[in-house]
Amino acid sequence: MLIFAVGVFTIERNMYSTKLLNSSYHYNFSIMKTICYITHLICYILVGFVIVGCNSNKQREEAQKEVELKFHPQKVVMPNDKSDLFAEIGFEYSTIEEAEKKIVEKLDSIYATEDGLYIHRMYNDELRLLVKNDPATLTYDFPLMKERGYVDIHKSEDGLVKLYDWDTHDGGTMIAWGCLLQFASNDGVYVYECGINELDYASWEEGEMGCAVAGLYSLQADNGETYYLAHTYVRQAGNWAYAQMKAFRINDNRLEYVSIFDEGPNEWSGNCTAREYTIADWYFKTYMGEGWDWLYRFNPQTNILYVPELIDDELTDRYNLYKFNGKRFDYIGDDGGYWLHPSIRDFSQIAMLFCTTNYRVRIDEMHNDTYRYASWKNGQSMNEQPDLIIYNGLYNEDKKAIVFENNGYMYLVDGPDEAQLSVVKDGKTILHEKMVARKF
C-alpha cells in the first residue's frame with residue numbers, strides 16, 4: 001500500500017507540473033484531479049482496513065489466549081486477602097456450606113419460576129469462582145445445588161477427580177454445557193474450565209459445546225496407575241445424541257487421555273465406544289427414560305464395560321462387552337445387560353418397558369421377528385426371575401397390539417406410548433391396566 005501511496009503522490013506532482021508548464025491541458029488536468037481525489041479516497045479506505053485488521057488480529061490473539069487458557073489446569077489457591085474474591089463473587093462467606101446457600105438464594109431468585117431456566121442463561125459464575133479459588137470445594141458435594149438442578153456432579157471413588165456440568169441454556173436444541181474439571185495432585189488442587197471431552201486442545205474445534213457426564217468409574221492398571229472412565233453425553237440436535245467413554249489419568253498437575261480402547265469404525269468416531277443415536281425412541285421404549293441409567297455401565301466386579309449396540313441408529317438394550325485386562329479393554333462378545341436376569345438376556349432389541357398399577361412389563365423383539373413377554377410384580381427388579389415369560393408373540397394389525405397366547409389366556413400389549421396391558425379369557429377381558437407415570 002506504501003507503493004500505491006507513493007504512486008499517487010507522483011501523479012499529483014506531475015499533474016501540477018504539467019498545469020504550470022502548459023495551461024492548454026486544462027481539460028486533462030480536471031480528469032487527473034478527479035482521479036487523484038478517487039485515489040486519495042481509496043488510500044483512506046485501505047488505511048482503515050489495515051487499522052481494523054490490526055485490531056481484529058489483536059482481538060483474535062486475545063481470544064485465542066483465552067481459549068487456550070481453558071485447556072490448561074489452574075492451581076486452586078485461596079488468596080490471603082479475600083476481599084477481591086468476595087467482591088467478585090458478590091458475598092462473603094466463612095464455610096463452603098454458607099457459600100452454597102448464598103449461591104442457591106441468588107439462583108432461586110432468578111430461576112424460581114417454572115420457565116425461569118429457559119428465559120435466563122445460567123453460567124454459574126459464582127460456582128466457577130468458588131471452585132477456582134477454594135480448594136475445600138473438592139471434598140464438598142453441593143447438595144442444595146444438585147437437588148435444584150443447578151449443577152450435576154460426578155466424583156471418583158478415590159475422591160481425587162470431580163466433574164461438574166450444567167445446561168447453560170445457551171445452545172438451543174444443541175445443548176451448550178458449562179463444565180469444570182477438578183482434581184487433586186501431589187502438590188494441591190487444580191481445575192480446568194472445559195469439558196472432559198475437550199482435554200485435547202489440539203483436536204478441539206471452535207463451536208464445541210462441552211458435555212454432560214452420565215457416569216464416572218475408576219480402574220486399577222497393572223502399572224499401578226488409576227485410570228478414570230467418564231461416560232460423556234452431547235445432544236447434537238433435538239433428537240440426536242452422541243456419547244462415548246473417555247479414559248484419562250492424573251499425570252503430575254494435568255489430566256490426560258489414555259489409549260485403552262480400540263479405534264472406532266471410522267475416523268469420525270475416534271474410539272470403539274462412540275455411539276450416535278436417536279433420543280426419543282429410547283426414552284419412550286424404556287419407561288420414560290429409565291434406560292438412561294443402563295448405557296455404558298461398568299461392572300467393577302468383573303471389569304466389564306457395556307457399550308450399547310444400535311440398529312438403524314436406535315439403541316437396542318444389547319451391548320458390546322469389553323473386559324479390562326490390566327492394560328486395555330478387549331472385546332469379548334455381545335449380551336444383554338448384567339442387570340437383567342439371565343433368563344431374559346437373549347433377544348434382538350427391546351420393544352417396550354412400562355409399569356402399570358400392579359405389574360412391570362417388558363417386551364423384547366427376538367431374533368426370529370417374534371416377541372417375548374416378561375412381567376414382574378410392580379416394585380421388583382429386572383434382575384429377579386420374571387413371574388411370567390411368554391414367547392412367540394406377534395403384532396396383530398386389527399387389534400393394534402402385540403398378542404401372546406398362554407394356556408388359554410390372551411395377553412395384549414400396545415405401546416410404547418401410553419402402553420396398556422390387557423388379559424382376555426374366553427373372549428372376556430379379565431384385566432386391563434394402563435401405564436402409570438414414572439416417579440422421578
Side-chain angles (χ1 to χ4, degrees), residues 63 66-74 103-104 107 110-111 115-132 137-138 141-142 145-156 161-183 190-201 203-217 228-248 255 257 269-271 273-280 282-283 289 292-293 295-296:
E66 185 178 345
V67 167
E68 290 179 3
L69 182 63
K70 69 181 280 191
F71 298 98
H72 290 80
Q74 305 168 51
I103 292 174
V104 167
L107 295 178
I110 299 172
Y111 306 115
D115 296 326
L117 278 174
Y118 300 96
I119 296 173
H120 304 282
R121 303 294 185 255
M122 189 170 75
Y123 300 118
N124 263 337
D125 292 332
E126 295 81 11
L127 177 65
R128 288 180 182 273
L129 287 168
L130 202 62
V131 172
K132 287 166 60 178
T137 54
L138 180 66
D141 288 335
F142 293 94
M145 294 191 71
K146 290 195 297 185
E147 180 185 355
R148 284 167 167 77
Y150 294 141
V151 69
D152 195 15
I153 296 175
H154 287 82
K155 192 172 182 178
S156 61
V161 176
K162 193 174 181 183
L163 309 181
Y164 305 71
D165 63 80
W166 62 92
D167 183 354
T168 65
H169 302 282
D170 209 15
T173 57
M174 181 178 181
I175 295 176
W177 301 100
C179 303
L180 291 167
L181 315 179
Q182 195 177 29
F183 66 97
Y190 287 79
V191 64
Y192 289 83
E193 289 191 84
C194 65
I196 194 64
N197 63 332
E198 300 174 315
L199 272 184
D200 184 6
Y201 173 67
S203 65
W204 184 82
E205 296 181 3
E206 186 175 359
E208 290 193 10
M209 307 178 80
C211 68
V213 174
L216 180 62
Y217 309 100
Y228 303 94
L229 300 178
H231 168 197
T232 66
Y233 167 86
V234 175
R235 193 170 82 182
Q236 296 174 302
N239 194 38
W240 285 96
Y242 178 77
Q244 63 179 314
M245 297 295 291
K246 301 292 287 188
F248 62 98
L255 299 180
Y257 295 135
S269 66
N271 73 49
T273 71
R275 298 290 185 269
E276 186 180 39
Y277 55 86
T278 56
I279 298 170
W282 184 246
Y283 177 85
W292 295 129
D293 295 336
L295 303 178
Y296 294 95

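Every value quoted in this text rests on a predicted model; they were computed, and no experiment measured them.
In this structure, Cys211 SG and Asp165 CG are separated by 7.0 Å, a value rounded to the nearest 0.5 Å. Between atom NE2 of residue His72 and atom CG of residue Leu199 there is a gap of 11.0 Å, rounded to the nearest 0.5 Å. Rounded to the nearest 0.5 angstrom, Tyr217 OH and His154 NE2 are separated by 8.0 Å. In this structure, Ile279 CD1 and Trp240 CH2 are separated by 9.5 Å, a value rounded to the nearest 0.5 Å. Taken from CZ in Arg121 to CG in Asn124, the straight-line distance is 14.5 Å, to the nearest 0.5 Å. With rounding to the nearest 0.5 angstrom, the CE atom of Met174 is 12.0 Å from the OH atom of Tyr242.
Tested against Lys132, the residues Glu193, Gln74, Gln182 include a single side chain to side chain donor-acceptor pair (under 3.5 Å) partner, Glu193.
At least one donor-acceptor pair closer than 3.5 Å links the side chain of Tyr296 to the backbone N or O of Ala243. Checking side-chain atoms of Thr168 against main-chain N and O of Gly178 turns up no donor-acceptor pair under 3.5 Å. Thr232 places no side-chain N or O within 3.5 Å of a backbone atom of Asn197 that could act as its donor or acceptor partner. Between the side chain of Trp177 and the backbone N or O of Gly195 there is no donor-acceptor pair closer than 3.5 Å.
The closest side-chain heavy-atom distance from Lys155 to Leu216 is not below 4.5 Å. Side-chain contact between Tyr192 and Glu198 is absent, with no heavy atoms from C-beta onward closer than 4.5 Å. Taking the side chain as every heavy atom from C-beta outward, Arg275 and Leu295 never approach each other to under 4.5 Å. Side-chain contact between Val161 and Phe248 is present, with heavy atoms from C-beta onward closer than 4.5 Å. Using a 4.5 Å heavy-atom cutoff, the side chains of Met122 and Asp167 are not in contact. Counting heavy atoms from C-beta on, the side chains of Cys179 and Ile196 never come closer than 4.5 Å. Side-chain contact between Val213 and His231 is absent, with no heavy atoms from C-beta onward closer than 4.5 Å.
Checked against ring-ring contact (aromatic ring centres under 6.0 Å, His included), Tyr233 has no partners two or more places apart in sequence or in another chain. Residues satisfying the ring-ring contact (aromatic ring centres under 6.0 Å, His included) criterion with Tyr164, sequence neighbours excluded, are absent altogether.
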Self-check item: Verdict with supporting geometry, Tyr123 and Asp170, side chain to side chain contact (heavy atoms under 4.5 Å, CB included)
Solution: CA-CA 9 Å; Tyr123 300 118; Asp170 209 15; 3.0 Å; yes
Quiz item: For Arg148 and Leu107, what are the C-alpha separation, side-chain angles and deciding distance, and is it a side chain to side chain contact (heavy atoms under 4.5 Å, CB included)?
Solution: CA-CA 10 Å; Arg148 284 167 167 77; Leu107 295 178; over 6 Å; no
Practice problem: Show your working on side chain to side chain contact (heavy atoms under 4.5 Å, CB included) between Leu130 and Phe142 and close with a plain yes or no. | Solution: CA-CA 11 Å; Leu130 202 62; Phe142 293 94; 4.0 Å; yes
